[in-house]
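Have a look at the structure below before the remarks.
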Amino acid sequence: MTTETASFTVRRIGEAPAPSLPPFGQFIGGTFVASTSSGTTAVENPATGEVLAQVPAGTVEDVDAAVAAAVAAKTEWAAKTPKERSAVLLRLADIIEDNRELLETLESANTGKPAAVAEDDISSAVDTFRFSAGAARAYTTLGADDYAENHTSVIFREPVGVVGVITPWNYPLLMAAWKIAPILAAGNTMVLKPSGETPLTTLKFAELVAGELPAGVLNVVTGSGGVVGNRISEHPDVDLVAITGSVGSGQKVAASAAGTVKRVHLELGGKAPVVVFDDADLEAAAKGVRSAGFWNGGQECGAACRVLVHESVAQKFTELLVREVSEISVGTPGAGADVEIGSMISGAHYKRVLAALEDVRKDGHTIAVGGNAMEGPGYFIEPTVVTDVPAGAPITYTEIFGPVVSVETFSDDEEAITRANETVYGLAASVWTSNASRSLSVPRRLDFGTVWVNSHLVIANEVPWGGFKGSGYGRDLSIYALEDFSRTKHVMYNRG
Ligand code: NAD
């Protein structure tokens, strides 16, 4: 049954300023150089369908040149003191901040995301660099001591070496910043491949910071996952590979990395349950899902996309949620600071989300609001709430990665916990309750790397971000990221 109640339109008033495009080439050894191939990939503005640029479809040889540059730069960068590396990272933060408008405009043009989301992305990226600059200096190892007779142990923390990084399209510059800042803070050099769909802000960042970083410390190679991403993963001189992306891509990266036994850092997909108990503040929970389920158009690995609500309050909660979602404003990036969701990232992803909505209809669920494609140009989809979802329905475990939230019900706490954990993903979850005992006990039993209580999708640089199970391993943000991107070495001195 379908009961679409609200009608949404794409607000298109206001022109977004023209984006300032980066140079197009591979950023290797501190400068943009031509790819070894003349092949290119079109980069689109998904809010208009217009082609913004053609970027090089990189090759194995491009990656090899970038890795060679990172290898050549690694001894000198690793030898810098934390204070020196920290000073560089603070300058990179200032450069992002000084170019905030340019980067926000470019990010929105390449992703269709609203101004409010682009602003948040850039502010968060600045903060990641500032946090990492401080963390680089605050990070010490255990003090030297004697653990065997006449022997003194010293534990050093060293960079891993050359780190390969592969980023997704949902927060292009922010996901790059989450890697670049701790990787450089820990003294590594790196080769980064942005998503083929959204390389523009990463290339722009490279252009802006080229004068501040020693040549070869950061290299950027554009191209496909199958060619460039795979070569980074298998390259014998890459010591660790980190990917933020889908589970399938993470599996491929880990398999390619196995040949050289390199370390792997995986930030993969999610399907975050939102467990709403009968004692919860239902209005707060509904507002929380409006914000955290639809932020970035739901193209968010921690999105509050799967509500499990106690059956006694399900009707009331659903009414509140449907009212909230009916009010969501959809628009182009230039259409105002109050636009909440923009277009889907690409035509291909738009088709994937619409196909998922077709499945929802075939599975006989109720579309309480939204559920449709919106008028073009651009790839817009209505904010959608799906109800009458039984336990085990595909929508409860499939990552749609769009503006779609489903609502299921449960009868008691045990069932809520079991069902919330019934997913291959383990990235994030939230619990909504006013009961102190539940707020302490339920999060401990949820198998997710982040659990919020009476909140969802609040992220801070001081605390780790990363998943369990199919969502991968490795931590972004916090001191734990610096730990992941470094290695310990024990040196033992015989004093006898
Ligand atoms: P994707 O897996 O399609 O692509 C991610 C990156 O992997 C891209 O750069 C792509 O080119 C590359 N890639 C693809 N195949 C590869 C291969 N064989 N070898 C090496 N690299 C390869 O993901 P996406 O569609 O860009 O992003 C959406 C996904 O990312 C979602 O599943 C989302 O949940 C996840 N994500 C996770 C986090 C997190 O922090 N856990 C954050 C953002 C996005």
Side-chain angles (χ1 to χ4, degrees), residues 1-16 44-50 108-109 111-120 170 274 283 285-300 303-307 317-361 365-389 395 400-407 456-457:
M1 189 184 80
T2 302
T3 55
E4 287 101 357
T5 51
S7 65
F8 297 97
T9 49
V10 181
R11 202 197 305 165
R12 295 176 191 274
I13 48 163
E15 284 278 310
E44 224 185 3
N45 178 338
T48 61
E50 155 208 11
S108 279
T111 59
K113 64 175 72 195
V117 180
E119 256 177 62
D120 187 76
N170 56 345
V274 178
E283 279 200 24
K287 283 188 195 308
V289 174
R290 169 182 183 164
S291 155
F294 294 90
W295 183 256
N296 208 34
Q299 301 166 121
E300 155 65 58
C305 56
R306 179 194 174 201
V307 177
F317 172 81
T318 305
E319 279 167 23
L320 290 167
L321 179 63
V322 166
R323 193 197 309 152
E324 288 290 338
V325 173
S326 307
E327 289 170 3
I328 287 180
S329 51
V330 184
T332 56
D338 59 330
V339 171
E340 288 169 85
I341 67 173
S343 67
M344 295 290 92
I345 185 72
S346 65
H349 189 57
Y350 167 84
K351 285 189 193 133
R352 279 198 292 272
V353 175
L354 290 177
L357 287 171
E358 267 319 295
D359 291 342
V360 162
R361 290 187 165 92
H365 310 318
T366 299
I367 294 183
V369 63
N372 301 301
M374 300 176 75
E375 203 183 322
Y379 309 116
F380 293 88
I381 295 179
E382 292 178 334
T384 301
V385 176
V386 180
T387 58
D388 294 330
V389 174
I395 194 174
I400 296 178
F401 225 58
V404 183
V405 170
S406 63
V407 182
H456 199 114
L457 215 56

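Values below: all heavy atoms of this structure, side chains included; hydrogens, waters and symmetry mates excluded.
Rounding to the nearest 0.5 angstrom, the gap separating the CD atom in Glu327 from the NZ atom in Lys287 is 7.0 Å. Residue Arg11 holds its CZ atom at 4.0 Å from CG of Asp338, rounded to the nearest 0.5 Å. Going from atom CD of Glu283 over to atom CD of Glu324 covers 7.5 Å, rounded to the nearest 0.5 Å.
In terms of heavy atoms, Pro46 sits closest to Ser346 at CB-N, 4.1 Å. The two residues Lys113 and Ser108 come nearest to each other via the heavy atoms O-OG, 2.8 Å. In terms of heavy atoms, Val407 sits closest to Val385 at CG2-CG1, 4.0 Å. Nearest heavy-atom pair, Ala47 versus Gly112, reported as atom, atom and distance to 0.1 Å: CB-CA, 4.2 Å. When all heavy atoms of His456 and Ala303 are compared, the closest pair comes out as NE2-C, 3.9 Å. Residues Val322 and Ala368 approach most closely at CG2-CB, 3.7 Å, considering heavy atoms.
Side-chain contact between Ile381 and Leu357 is present, with at least one heavy-atom pair separated by less than 4.5 Å. Looking at heavy atoms from C-beta onward, Glu300 lies out of side-chain contact with Val117 at the 4.5 angstrom threshold. Considering only heavy atoms from C-beta on, Arg361 comes within 4.5 Å of Ile367 through its side chain. Inter-residue side-chain proximity for Pro383 and Val330 is flagged as met; some heavy-atom pair is nearer than 4.5 Å. Counting heavy atoms from C-beta on, the side chains of Pro377 and Arg12 come closer than 4.5 Å.
Side-chain atoms of Glu50 never come within 3.5 Å of backbone atoms of Asn45 as a donor-acceptor pair (strictly under, hydrogens ignored). Between the side chain of Ser406 and the main chain of Arg306, no donor-acceptor pair closer than 3.5 Å is present. Formation of a donor-acceptor pair under 3.5 Å by the Asn170 side chain with backbone atoms of Asn296 is not found in this model.
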Next on the checklist: Evaluate Arg290 against Ile328 for side chain to side chain contact (heavy atoms under 4.5 Å, CB included), listing each step before the verdict.
Outcome noted: CA-CA 8 Å; Arg290 169 182 183 164; Ile328 287 180; 3.9 Å; yes

Item to check | Worked check of side chain to side chain contact (heavy atoms under 4.5 Å, CB included) between Ile400 and Ile395 | outcome: CA-CA 8 Å; Ile400 296 178; Ile395 194 174; 3.9 Å; yes

Checklist entry - What's the verdict on side chain to side chain contact (heavy atoms under 4.5 Å, CB included) for Val325 and Val405, showing C-alpha distance, side-chain angles and the deciding distance? => result CA-CA 10 Å; Val325 173; Val405 170; over 6 Å; no

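With Pro403 as the fixed residue, the side chain to side chain contact (heavy atoms under 4.5 Å, CB included) test singles out one of Phe8, Phe294, Phe380: Phe294.
Using the six-membered ring where Trp is involved, Phe401 and His349 have ring planes that are perpendicular, over 60° apart on the 30 and 60° scheme.
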